[in-house]
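Atoms considered below: every heavy atom in the structure, side chains included; atoms not considered: hydrogens, waters and symmetry mates.
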Amino acid sequence: MRETIVVGVLAFVAGVVLYPAFIGLLVRFGARQHVASYSPASHRAKEGTPTLGGALFCIIVIVAWLAVDRSRQGFVAIFALLAGAIAGGLDDVVNINDAKRLGLSVYQKLGLQGVTGVLVGIGLTVAGFTHQFFPGLGAPNLGWGLAVVVAIAVVATSNAVNLTDGVDGLAASCTALVFVGVAIIAVTRHDLPVAVIAAALAGAVVAFLLFNWFPARVFMGDAGSLALGCVIVALTVELHLIWLLPVLGIVFVVEAASVVVNVTAIRRFGTRVLRASPIHHHFEELGLREQRLVAAFAAAAAVGTAITVLFARVAGPVS
C-alpha cells in the first residue's frame, strides 16, 4: 500500500515539474494541434494548442515501472502503453504536419490498433491471464479466446478514449479515476505490478490534467489517448476483470455509443439523434460550459469505477 502511494505521488510530482519545460519543447518543435472544421465553433480557438502531451506521462510511467517493478506481468501492460503511444504518435505527427489530413486514415489507424491488440492479447494469454471473472459464472478459462477478446477490447477502448478526448480535461479526469480504481483493486489483491503501474498512471495523468484543464495549455493527443485505452485493457485483464471493463469505462462506452447511434441515424434515416457527437459535443451545443461538463462526466466515471471496485471485492482474487 505504502509503495503504491509513493509511486503515485512521485509520478504526480515528476509531471508537475516536467510539464512546463515539456510544453515549451512542443511549442519549439511546432507540435501544434489542428482542429477539424466540423468541431463546435467554440473549439476553433483551440487551434495551435501544443499536442503530444501524452508522451510525457507515458515516459513517467515507464520510468516508474523500471525503477520499482520490472516484472513480466508489468511488461505486458507497459508494452500496451508504449504500443498505443507509438500508434497514436504517428497519427499526431501526420496531423501536425498536414492540416488537411488531420491524422492517419481510418484503416491505417484501425490496422495499427488491431496489431497492437493482437500482440497484447497474445502476451496476456501466454502470461496466464486466461481466467476472467464473470458475474454468476465464476472465472471461466477463455484459453486462446482471450487473445481475440483483448484484441477487440483494445481497438474499442482506445478509440473510445480517443473520442472522449474532445474537451479540455475530460479524458484525463475520467482515466485518472479509472486508474485510481484499478490501483485500489490491485492493492487489495496484493498485485504489485498492476498497483505500481496504475498508481503511476493516476499520478502522472493528474499532473497532466493541471495543464489540460480549461483553458488547456497542452493536449494529450492520440499518443496519450490510445496509450491510455490500451493500458486500461491490459491492466483490467491482469486483474481478471475484462468483462467488467464496460462498467469501469462507462463514460467511454457512452461516448463511443453516441457516435455509432448518431452516425447510423444520419446515414440511414437522414436525421440526427444528437446535435453533435460524441455526446460531449451535444451538451456543448446545448450551452453547457466545459468545466461543468467535465465535472458531470467525471462524476459518472467515479460511479462506474466505484461499482467495479465493489464487484471486484465480491469476486475476490482468481487463483
Would you call [X] and [Y] a side-chain contact if the rule is heavy atoms closer than 4.5 Å?
| X | Y | result |
| --- | --- | --- |
| Gln132 | Val150 | no |
| Phe219 | Asn212 | yes |
| Val237 | Val76 | no |
| Leu112 | Leu104 | yes |
| Leu274 | Val261 | no |
| Phe297 | Glu255 | yes |
| Thr188 | Arg313 | no |
| Thr308 | Thr236 | no |

What are the two closest heavy atoms between [X] and [Y], and how far apart are they?
| X | Y | result |
| --- | --- | --- |
| Leu241 | Arg189 | CD2-NH2, 4.1 Å |
| Ala171 | Met220 | CB-CE, 4.1 Å |
| Ala87 | Leu226 | C-CD1, 4.2 Å |
| Ala298 | Leu177 | O-CD1, 3.2 Å |
| Ala172 | Val205 | O-CG1, 3.3 Å |
| Val182 | Ala198 | CG1-CB, 3.7 Å |

Given Val94 and Gln108, is the side chain to side chain contact (heavy atoms under 4.5 Å, CB included) satisfied, shown in steps? CA-CA 12 Å; Val94 173; Gln108 289 173 329; over 6 Å; no
Donor-acceptor pair between Glu285 and His282 side chains, under 3.5 angstrom: no
To the nearest 0.5 Å, how far apart are [atom1] in [X] and [atom2] in [Y]?
| X | Y | atom1 | atom2 | result |
| --- | --- | --- | --- | --- |
| His280 | Glu290 | NE2 | CD | 9.0 Å |
| Leu245 | Leu239 | CG | CG | 11.5 Å |
| Ile185 | His240 | CD1 | NE2 | 12.0 Å |

Members besides Val196 in its Ile/Leu/Val/Met/Phe/Trp/Tyr cluster (side-chain heavy atoms under 4.5 Å): Val7, Val68, Leu192
What residues join Val148 in its hydrophobic cluster, counting side-chain heavy atom gaps under 4.5 Å, either direct or through other members? Ile152
Does atom CZ of Phe79 have more than 12 heavy-atom neighbours, drawn from other residues, nucleotides or ligands, at distances under 6.0 Å? yes
Honestly curious: do [X] and [Y] fall in one hydrophobic cluster under the side-chain, below-4.5 Å linking rule?
| X | Y | value |
| --- | --- | --- |
| Val254 | Leu293 | yes |
| Val106 | Val155 | yes |
| Val161 | Leu82 | yes |
| Val259 | Leu110 | no |

Classify the ring geometry of Phe75 against Trp65: parallel below 30°, tilted from 30° to 60°, perpendicular beyond 60°. tilted
Hey, what's the ring geometry for Phe57 with Phe208, parallel, tilted or perpendicular (30° and 60° as the breaks)? perpendicular
Test log, rule side chain to side chain contact (heavy atoms under 4.5 Å, CB included), inputs Val233 and Leu124: CA-CA 10 Å; Val233 174; Leu124 290 166; 5.5 Å; no
Backbone N/O of Ala276 and side chain of His281: donor-acceptor pair under 3.5 Å: no
Applying side chain to side chain contact (heavy atoms under 4.5 Å, CB included) to Phe283 and Leu286, what does each step give before you reach the verdict? CA-CA 5 Å; Phe283 288 113; Leu286 292 177; 4.2 Å; yes
